[in-house]
Amino acid sequence: QVQLVESGGGLVQPGGSLRLSCAASGRIASINVMGWYRQAPGKERALVATITTGNGITNYADPLKGRFTISRDVVKNMVYLQMNSLKPEDTAVYYCNARAYRNSWYDYWGQGTQVTVSS
């Protein structure tokens, strides 16, 4: 129905920046919200940021405001996560998410991309 392909993860030093990309394909017209989530070792998957596909309304996990920015390109069906001033505690697997409504809500996930912040 919806396929999500992520890219941009890797190793970065503390204070550095990284941009993650997510390409959506399939029944993209049904997608209402896209976002990024992350899961650190030993922790539950948690919200990073979301953006509505129609109007570009954003929502962020409060501790990440000012450092992380989510954006989307409606022409390319892409969602991005710009991560600045990275900290070791940002180390996690980052997942792209799409939420669609077709008589009920559906969640789609990318495969995840590893982000490691370390000296």
Side-chain angles (χ1 to χ4, degrees):
Q1 294 291 299
V2 174
Q3 296 82 44
L4 304 174
V5 180
E6 301 147 313
S7 61
L11 175 65
V12 64
Q13 293 185 348
S17 298
L18 208 60
R19 190 179 78 159
L20 306 182
S21 300
C22 176
S25 61
R27 295 189 62 179
I28 57 176
S30 65
I31 299 173
N32 297 89
V33 184
M34 296 192 69
W36 292 93
Y37 293 73
R38 68 185 185 182
Q39 187 168 19
K43 297 183 179 179
E44 192 173 352
R45 189 174 300 184
L47 167 73
V48 174
T50 62
I51 186 167
T52 62
T53 55
N55 297 325
I57 300 172
T58 59
N59 179 58
Y60 296 89
D62 189 68
L64 304 180
K65 287 184 177 180
R67 292 197 299 120
F68 288 16
T69 303
I70 189 171
S71 61
R72 90 261 195 261
D73 186 328
V74 295
V75 175
K76 296 181 178 180
N77 299 319
M78 298 281 292
V79 174
Y80 307 95
L81 183 68
Q82 179 67 46
M83 303 183 292
N84 298 325
S85 302
L86 284 164
K87 305 174 181 180
E89 50 263 45
D90 295 320
T91 296
V93 178
Y94 285 71
Y95 297 91
C96 183
N97 167 262
R99 175 162 283 190
Y101 187 83
R102 297 185 294 273
N103 203 38
S104 61
W105 288 100
Y106 296 86
D107 276 304
Y108 301 91
W109 298 93
Q111 80 286 349
T113 183
Q114 177 71 46
V115 173
T116 302
V117 185
S118 176
S119 298

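Since the model is a prediction, treat every value here as computed from it, not as a measurement.
Distance CD1/I51 to CG/N32: 13.5 Å, rounded to 0.5 Å. Considering NZ of K43 and CD of E89, their distance stands at 8.5 Å, rounded to 0.5 Å. One finds the CG atom of L18 at 10.0 Å from the CG atom of N84 (value rounded to the nearest 0.5 Å).
Cation-pi geometry between R72 and Y80 is not met: the NZ or CZ atom fails to fall both under 6.0 Å from the ring centre and inside 45° of the normal. The side-chain tip of R99 does not point at the ring of Y101 from less than 6.0 angstrom away and within 45° of straight on.
In terms of heavy-atom proximity, M83 sits nearest to L86 at CB-CD2, 3.7 Å. The heavy-atom pair separating L20 from G9 by the smallest distance is CD2-N, 3.6 Å.
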Inset, instruction - Just do the side chain to side chain contact (heavy atoms under 4.5 Å, CB included) check on T53 and M34 with the steps written out, would you? - result: CA-CA 7 Å; T53 55; M34 296 192 69; 3.9 Å; yes

Inset, instruction - List the steps, then state whether side chain to side chain contact (heavy atoms under 4.5 Å, CB included) holds for T91 with V115. - result: CA-CA 5 Å; T91 296; V115 173; over 6 Å; no

Inset, instruction - Check the pair D90 / R38 against side chain to side chain contact (heavy atoms under 4.5 Å, CB included), numbers first and verdict last. - result: CA-CA 9 Å; D90 295 320; R38 68 185 185 182; 2.9 Å; yes

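The shortest distance between side-chain heavy atoms of W36 and I70 falls below 4.5 Å. L81 has its side chain out of reach of R19: every pair of non-hydrogen atoms, C-beta onward, lies at least 4.5 Å apart. The side-chain heavy atoms of P88 and P14, taken from C-beta on, include a pair separated by under 4.5 Å.
Linking Ile, Leu, Val, Met, Phe, Trp and Tyr whenever their side-chain heavy atoms come within less than 4.5 Å leaves V48 and V93 in two separate clusters. Both Y108 and I28 are members of a single hydrophobic cluster when ILVMFWY side chains are connected at heavy-atom separations under 4.5 Å. Y94 and V33 are not part of a single hydrophobic cluster, where members link through side-chain heavy atoms under 4.5 Å apart. By the criterion of side-chain heavy atoms lying less than 4.5 angstrom apart, applied directly or through intervening Ile, Leu, Val, Met, Phe, Trp or Tyr residues, L47 is not grouped with Y106; the two fall into different hydrophobic clusters.
For the residue pair R67 and S85, no side-chain donor N or O sits within less than 3.5 Å of a side-chain acceptor on the partner. Between the side chains of Y37 and R45, no donor N or O sits under 3.5 Å from an acceptor N or O. Side chain to side chain, T116 and Q114 meet the donor-acceptor criterion of an N or O pair below 3.5 Å.
Side-chain N or O atoms of Q13 include none that pairs as donor or acceptor with a backbone N or O of S119 at under 3.5 Å. When atom types are taken as modelled, the side chain of S30 and the backbone of R102 share no donor-acceptor pair closer than 3.5 angstrom. Between the side chain of N55 and the main chain of I57, no donor-acceptor pair closer than 3.5 Å is present. Without hydrogens or angle criteria, T69 side chain to Q82 main chain gives no donor-acceptor distance under 3.5 Å. Without hydrogens or angle criteria, E6 side chain to C96 main chain gives a donor-acceptor distance under 3.5 Å. Judged by distance alone, the side chain of T113 and the main-chain N or O of S7 form no donor-acceptor pair under 3.5 Å.
Taking the six-membered ring where tryptophan is involved, the planes of Y95 and W109 are perpendicular, since the angle between them exceeds 60° and thus also 30°.
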